[in-house]
Amino acid sequence: MSTENGNYGAENIQALEGLEAVRKRPGMYIGSTDTKGLHHLVWEAIDNSIDEHLAGYCDLIETIIHEDNSITVKDNGRGIPTGMHEKLQKSALEVVMTVLHAGGKFDKNTYKVSGGLHGVGISCVNALSILLKAEIHREGKVFTQEYSQGKPITPVKEIGNSDKTGTYITFKPDAEIFETLVYKFDTLSTRLREMAYLNKGLTLTIIDERETEDDGTFKHETFHSEGGLKEFVRYLDESRTSIIPEPIYAIGKEENVEVEVALQYNTGYTENIYSFVNNINTREGGTHVSGFKRALARVFKQYGDDNNLFSKLKFAINGEDFREGLTAIVSVKVPEPQFKGQTKGELGNSEVTGIVSRCVGDVLKAYLEENPNQAKRVVEKVILAATARNAARKAREMVQRKNVLTGSGLPGKLSDCSSKDPAESEIFLVEGDSAGGTAKQGRDRNFQAILPLRGKILNVEKALEYRIYENEEIKNMFTGLGVSIEEKDGERILNIEKLRYHKVVIMCDADVDGSHIETLILTFFFRYMRPLITNGHIYIASPPLYQVKKGKQFRYCWNEEERKEAMEFYGGDMANIKVQRYKGLGEMNAEQLWDTTMDPTTRILKKITVEDAIGANNIFSVLMGDEVPPRRAFIESHAKYAKIDV
Ligand code: 0RA
């Protein structure tokens, strides 16, 4: 059964060339070589096991982070075939592991995760690992083969008997490729939890051998959901108050497209729609989300009209009004998904719109007829939303009109830069007038503008939208940045064509209050100016935590480690070393602030991703939402935020 060792010559060159391309341009295959790309290797490995689950052969996937940051992904599927591949004259296992995109050619699963962000195949993981070991349990035997940088270093060996079936892949990412090799438990476990909700009945576990719990076992978690998306929606809305007792759940299949949707309405005002195609998060939505929105508007509109519920309204209801306080998950399984959009995170298959719309429409229609009390509550909420939107539009128009009337229209508190070229201009949003003053003195006025924000900006979770436009700080952000909200085809869109600065830098104190305000500002951007985040315009400044000084010499330190290092550097003699802990930006003078936090040649700016903002949004919902228990639990488990009074 095992192939001969040694002869990996001429006939293999083509295959090896494929993997050479992966090593030469890893970004083309896994997106990047930073921490995101590093984690992508795990998604890739798990996706193969998920495919095996979708084919109906696997119900357990175990992930292990080993002490050296190598990863094992084990499944109890059929095991990759190890027999001879006739045409290529080597084992199927070796072909799957060493030929680009070969994995899918062997199995006939309907739903391959292909074309999108994932789906480049396990061979890419192999190409980018300094060592990979495949262990296959199949036909009563155990087979292994090892590879380095995508090339086999052993033949396929039969090493024993087994009464199980499955595929175990262990890989160690190549330090030549990746900028960082350290895996994050939370990143992996969040995705595994999501996978469990998206694939009900599948169990996913994670073990972190780098850390032990109090009871001496390794840090671990197990995810399993029988309720699937219904449970997912409940989990996402844990900190909010639902207005219907149970999530509404739709499931259906048409033309080989499987649809699964769960939705629930809460007392809040924000719309949270999460969408997936073949288990992959489609952040930019797409035809499946359009179909869902279409069904929602169509069915509720019809129901309201039939029951004469909208007759008193003096203005039209639009699509958005049906989505205030909505939390929904739209998951579809599509045989040949086409992805488009900036980050390939948008489903393009046009046939999916109608399929999702019909499936959700039928279920929703029946739900409204069978549950008149729930229907009434949701319709009342829709009417409130439309009324508030109308008020918000008036408030917004007023603000926007006023700005036109007051000359330049820029906020009085803005210290603008001289440059009028947005591409080279930056704006610092600074917490407090006093730090704002220091920043104004310290900046390079050629290209750096300062906008101080006073106190805690409005609590955008609780506030009605029209109140938001009345808030001074928020008005200043819209006018200062040069962005506006416009309505097009009944949907609100953010116009960023006149964005005045391509870098928007949030600069807050490095303490509890500062991180709270940072969370608030990020949440605001996430909810009201999201395109600024997705287009990469939002940054966070990193002021230092300490200055360590000896005589006239000093060093700035951004963490404990650097502080210790600096103290050692200065000889460790405490009598002569002065350590200053910066509690706020206000403790630095203008020159220090420039040197450490604003000077483009030395500062550390953290670019905010949508994931960061989602994190802030969730933290914020927990801290500010209606429910007390999750808030308490959260505060008790996050010392960083422990002092916030909520
Ligand atoms: C090719 C063919 C078959 C299964 C697989 C590949 C397979 C691949 C992976 C990757 C991770 N886990 C996996 N499990 C299975 C079908 C084999 C058959 O027909 O028995």
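Ligands are counted one by one from 1 in listed order, and the atoms in each one are counted from 1 as well.
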For this session: With atom 9 (C) of ligand 1 as the reference point, say which of Ile80, Leu93, Ile122 has the nearest heavy atom.
Result: Ile80

Problem set entry | Tyr539 six-ring centre to Lys606 NZ/CZ under 6.0 Å and within 45° of normal | no

Exercise. Is it the side chain, the backbone, both or neither of Lys74 that has a heavy atom closer than 4.0 Å to ligand 1?
Worked result: neither

Problem set entry | Numbered atoms of ligand 1 (with element) below 4.0 Å of Asn48, judged on heavy atoms | 10 (C), 11 (C)

Problem set entry | Of all pairs that satisfy salt bridge (charged side-chain N to carboxylate O under 4.0 Å, His left out), the ones with a partner from residues 168-185, not counting sequence neighbours | Arg23-Asp174, Arg23-Glu176

For this session: Could you list the residues that satisfy salt bridge (Lys or Arg N to Asp or Glu O under 4.0 Å) with Arg283, not counting sequence neighbours?
Result: Glu611

Exercise. If you count the atoms of ligand 1 from 1 in the order shown, which ones are under 4.0 Å from a heavy atom of Asp75?
Worked result: 11 (C), 12 (N), 13 (C)

Exercise. Using the ring of each side chain (for Trp, its six-membered ring), is His39 parallel, tilted or perpendicular to Tyr183, with breaks at 30° and 60°?
Worked result: perpendicular

For this session: Check each atom of ligand 1 against the heavy atoms of Arg138 and keep those under 4.0 Å away; list them by number with element.
Result: 17 (C), 18 (C), 20 (O)

Exercise. With the threshold set at 4.0 Å, does a side-chain nitrogen-carboxylate oxygen contact exist between Lys151 and Glu20?
Worked result: yes

